[in-house]
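Below is one structure, written out as structure tokens; the observations come after it.
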Amino acid sequence: MEMKLAIVIVILFSLLLSFYGAYYLINPDQRGEEILSKQGIPYPTVIAHRGASIKAPESTAEAYIKARDLGVDYLEADLQRTKDGEIVVFHDQTLQRTSNVEEVFPDRKEDKLGSFTYQELKKLDFGSWFNENSPRYGSEKYEGLGIITLEELIAIAEGGQQTPGLVLETKSPEKYPGIEREIVDILEQEGWLDTAAERDYTKTIFFSFSEESLRGFKELAPQAPRILLVTDNMITRRSWTHWLERAAGLADGLGTKGFMNWPWYIAEAHDQGLFVFPYTINELWQVKLLAHFHSSGYITDRPDVVLNFFDRMSELSIINDG
Ligand code: G3P
Ligand code: CA
């Protein structure tokens with residue numbers, strides 16, 4: 001008898017869960033657009049991850065120019081600091097994967113970026129590795145590409161027919177004490193921290209896995225939206241609640257791995273006024289699925305795929321990209 005009761009309870013519980021899931025699959029929460037609009041962020045937001053980094057070497061001028069000319073809303077960039085204090089755009093801790101450091105500084109090939117001066121980094125080629133790794137998209141023009149600074153990234157964003165905003169990530173900020181102040185100073189000087197009310201959209205969004213770093217930005221530039229990046233690979237309901245609690249009062253949105261973006265999780269984030277941007281969305285089927293769930297945004301290495309899906313490719317990019 002006890003066994004039968006247990007089976008009935010399990011069946012009822014499973015049915016309840018299925019109805020709950022089916023409800024959200026059929027009626028996904030649509031409050032993302034409204035939440036973004038309060039922040040002055042366009043919906044759905046297309047963010048080029050390290051630039052158009054499938055078709056050009058990541059984090060270089062070429063990757064960002066390509067993404068800008070495609071018509072993305074934001075360029076995503078990882079920021080670190082050189083030994084002599086320049087803020088540069090670079091993802092990895094070390095230089096080996098995406099430069100010829102081994103050739104130029106053989107004794108320092110495993111050293112961290114922060115141990116190199118800006119002039120030393122300027123000697124490196126950050127493009128040729130891409131031609132070897134991606135012959136399909138490789139090009140002679142990528143040979144010898146240099147590292148870029150935050151100021152150069154801003155100039156790229158401002159240099160086209162359309163001006164995308166910037167999603168700026170502090171990479172390992174604990175290694176660079178005070179980097180938030182330095183980033184904010186540059187953005188202020190360049191007029192990139194005006195509020196959305198002062199212009200037609202929000203130009204700068206801060207992005208970090210580090211809550212400490214987001215706290216810094218909240219204090220220094222409270223007008224700019226902040227996104228807390230979620231580190232869990234496999235999210236559970238309990239850990240999702242935990243992330244929502246961590247974001248409360250600190251962030252305006254969460255950046256999550258694509259498969260965490262189940263619509264019932266998104267609805268819970270929306271209940272708290274948080275938007276959710278999934279990363280890294282590179283396949284068309286992912287875009288279609290997330291679009292069905294009214295995803296707030298798409299962080300992607302392939303902005304052409306996302307923009308094409310939304311019929312938003314710029315005329316310039318159609319001419320240049322074919
Ligand atoms: O888009 C989120 C992403 O930027 C965080 O991961 O390692 O690519 O910087 P990562
Ligand atoms: Ca990043």
Side-chain angles (χ1 to χ4, degrees), residues 32 36 41 44-60 63-64 67 72-81 87-98 112-114 126 129-130 133 147-150 153 156-157 164-176 179-180 183 204-214 217 224-235 243 246-247 251-261 265-266 269 274-283 286-287 290 295-303 305-306:
L36 286 178
I41 303 173
T45 321
V46 181
I47 302 159
H49 183 242
R50 307 182 206 167
S53 54
I54 289 281
K55 290 196 172 175
E58 66 180 61
S59 309
T60 64
Y64 287 117
V72 300
D73 298 305
Y74 290 88
L75 305 173
E76 189 264 354
D78 302 293
L79 300 179
Q80 301 192 58
R81 188 170 63 204
I87 304 295
V88 290
V89 178
F90 196 71
H91 176 268
D92 293 3
Q93 303 262 316
T94 58
L95 304 159
Q96 279 173 300
R97 182 177 64 87
T98 60
K112 303 265 163 61
L113 176 137
F126 290 89
W129 71 275
F130 179 85
N133 277 31
I147 199 158
I148 60 169
T149 61
L150 174 56
L153 179 68
I156 290 168
L166 298 177
V167 172
L168 299 175
E169 179 177 352
T170 42
K171 201 45 116 185
S172 308
E174 66 287 351
K175 293 196 171 64
Y176 306 111
I179 193 170
E180 293 82 11
I183 292 168
T204 302
I205 300 174
F206 294 116
F207 208 35
S208 196
F209 287 108
S210 157
E211 287 162 56
E212 196 50 41
S213 198
L214 290 186
F217 285 124
R226 296 171 299 279
I227 297 176
L228 178 62
L229 287 163
V230 172
T231 52
D232 286 1
N233 278 335
M234 193 58 76
I235 210 102
W243 280 107
R246 287 168 76 163
D252 305 287
L254 289 166
T256 59
K257 290 262 169 73
F259 51 75
M260 294 176 195
N261 287 271
Y265 287 167
I266 306 289
L274 294 163
F275 60 83
V276 180
F277 284 167
Y279 67 92
T280 307
I281 306 304
N282 289 339
E283 304 302 329
Q286 296 173 310
V287 181
L290 286 165
S295 178
S296 292
Y298 303 80
I299 300 170
T300 178
D301 300 326
R302 298 177 72 193
V305 171
V306 183

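Numbering of ligands and ligand atoms starts at 1, following listing order. When a residue number appears, it is its place in the shown sequence, counting from 1.
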Run the numbers for me: atoms of ligand 1, each under 4.0 Å from some heavy atom of Phe207, listed by number. 1 (O), 2 (C), 4 (O)

Considering only non-hydrogen protein atoms, determine which one is nearest to atom 1 (O) of ligand 1 and report residue, atom name and distance to 0.1 Å. Ile299 CG2, 3.2 Å

Could you list which atoms of ligand 1 come closer than 4.0 Å to a heavy atom of Glu169? 3 (C), 4 (O), 5 (C), 9 (O)

Report yes or no: does Thr280 have a heavy atom closer than 4.0 Å to ligand 1? no

How does Ile47 reach ligand 1, if at all, at less than 4.0 Å between non-hydrogen atoms: by side chain, backbone, both, or neither? neither

Side chain to side chain donor-acceptor pair (under 3.5 Å) between Thr280 and Asp301, intermediate numbers included: CA-CA 7 Å; Thr280 307; Asp301 300 326; 5.2 Å; no

Side-chain donor or acceptor of Thr60 paired with backbone N/O of Pro57 under 3.5 Å: yes

Taking the Ca ion (ligand 2) as the vertex, what is the angle from OD1 of Asp78 to OE2 of Glu76, given to 10 degrees? 110°

With a cut-off of 6.0 Å (strictly less than), are more than 12 heavy atoms of other residues, nucleotides or ligands near NZ of Lys112? no

Give a yes or no answer on whether the side chain of Asp73 reaches the backbone of Ile47 with a donor-acceptor pair at less than 3.5 Å. no

Taking 4.0 Å as the limit for heavy-atom contacts, which would you say applies to Asp78 with ligand 1: side chain only, backbone only, both, or neither? side chain

Just by distance, do the side chain of Tyr64 and the backbone of Glu76 share a donor-acceptor pair under 3.5 Å? yes

Which ligand 1 atoms are under 4.0 Å away from a heavy-atom of Glu76? 4 (O)

Using distance alone, with no hydrogens and no angle criterion, decide if Gln80 and Ser172 have a side-chain donor and acceptor under 3.5 Å apart. no

Just how far is it from atom CD1 of Ile156 to atom CD1 of Ile148, taken to the nearest 0.5 Å? 4.0 Å

4.0 Å heavy-atom contact, Phe277 with ligand 1: no

Under 3.5 Å, side chain of Arg302 to main-chain N/O of Asn282, donor-acceptor pair present? yes

Is the Phe277-Phe207 ring centre distance short of 6.0 angstrom? no

Please work out which of Glu58, Lys171, Arg50 has its closest non-hydrogen atom nearest to atom 9 (O) of ligand 1. Lys171

Nearest heavy atom to atom 3 (C) of ligand 1: which of His91, Lys257, His49 does it belong to? His49

I need the atoms of ligand 1 closer than 4.0 Å to a non-hydrogen atom of Phe209, numbered in the order shown. 5 (C), 6 (O)

State the atom name: nearest N, O or S atom of Glu169 to the Ca ion (ligand 2). OE1

of all protein heavy atoms, closest to atom 2 (C) of ligand 1 is Tyr279 CG, 3.5 Å

